[in-house]
Every structure is written in structure tokens, then in C-alpha cells.
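First the structure, in the form of C-alpha cells, and then the observations on it.
We use all heavy atoms of the structure for the numbers below, so side chains are in, but hydrogens, waters and symmetry mates are not.
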Amino acid sequence: MSAAPSRNAICLGGPCHGMLTHIDQDIGTLTVPVPRRSPEEPQALARYRITRERVHHPCRTEPFIALHWADPTEPPGPSCPCGCDD
């Protein structure tokens, strides 16, 4: 039986603000499930950008990766940071 991966990122802003999650990628955007307030509420997702920013917290020796909310009104950027997919 394998243990769940440790949480290494924190969501900043948006509907998941303050939520801890685990990520395996270094760059780009990802979708995070928004916590439901009740079981009847439909599952929603929010987009977050992975950043170089790190957030220290006393509960963990390693800093958390900061995920910044990608506002849905913001046009999506290129999937490759160099812009080669334009």
C-alpha cells in the first residue's frame, strides 16, 4: 500500500486560496478541484499557474510551491514559456 504524495504546493488567491496540494510539474498551469461546501454541490475546477515563488511555513521544513490563481477572464498564455507553440 502506497502513501498519498506529500503536499508540496499552496494555492494563492481564487476559490482554493490556502489549500495545500501535490504537484509534479515545474511550469505551466493546472486545474485544482475546488472544495465543495456540500455533497450536493457540483465539482468545480479552478486554474492555477505554477510559479517560482516559494512560501515558507513552520509546519514544513521545505517551502511550498506557490500556485497563483489564473483568473478565468485572463486569456490563456502559451503552454510553453518560450512561446514556441505560437
Distance from [X] atom [atom1] to [Y] atom [atom2], nearest 0.5 Å?
X   : Y   : atom1 : atom2 : answer
H68 : R49 : NE2   : CZ    : 7.5 Å
C11 : M19 : SG    : CE    : 4.5 Å
E62 : S6  : CD    : OG    : 9.5 Å

Please check: side-chain N/O of [X] versus main-chain N/O of [Y], any donor-acceptor pairing under 3.5 Å?
X   : Y   : answer
N8  : I65 : no
R60 : P58 : no
Y48 : A66 : no

Looking only at heavy atoms, which two atoms of [X] and [Y] are closest? And how far apart?
X   : Y   : result
E41 : R37 : OE1-N, 2.6 Å
W69 : A46 : NE1-CB, 4.2 Å
P15 : P35 : O-CD, 4.4 Å

Partner residues of T61 under the side-chain hydrogen bond (donor to acceptor under 3.5 Å, both in side chains) criterion, sequence neighbours left out: none
Residues in side-chain hydrogen bond (donor to acceptor under 3.5 Å, both in side chains) contact with R36, at least two apart in sequence or another chain: Q43
Members sharing L20's hydrophobic cluster (side chains within less than 4.5 Å): I10, L12, V55, F64
Sole residue of T29, L67, I27 in side chain to side chain contact (heavy atoms under 4.5 Å, CB included) with I50: L67
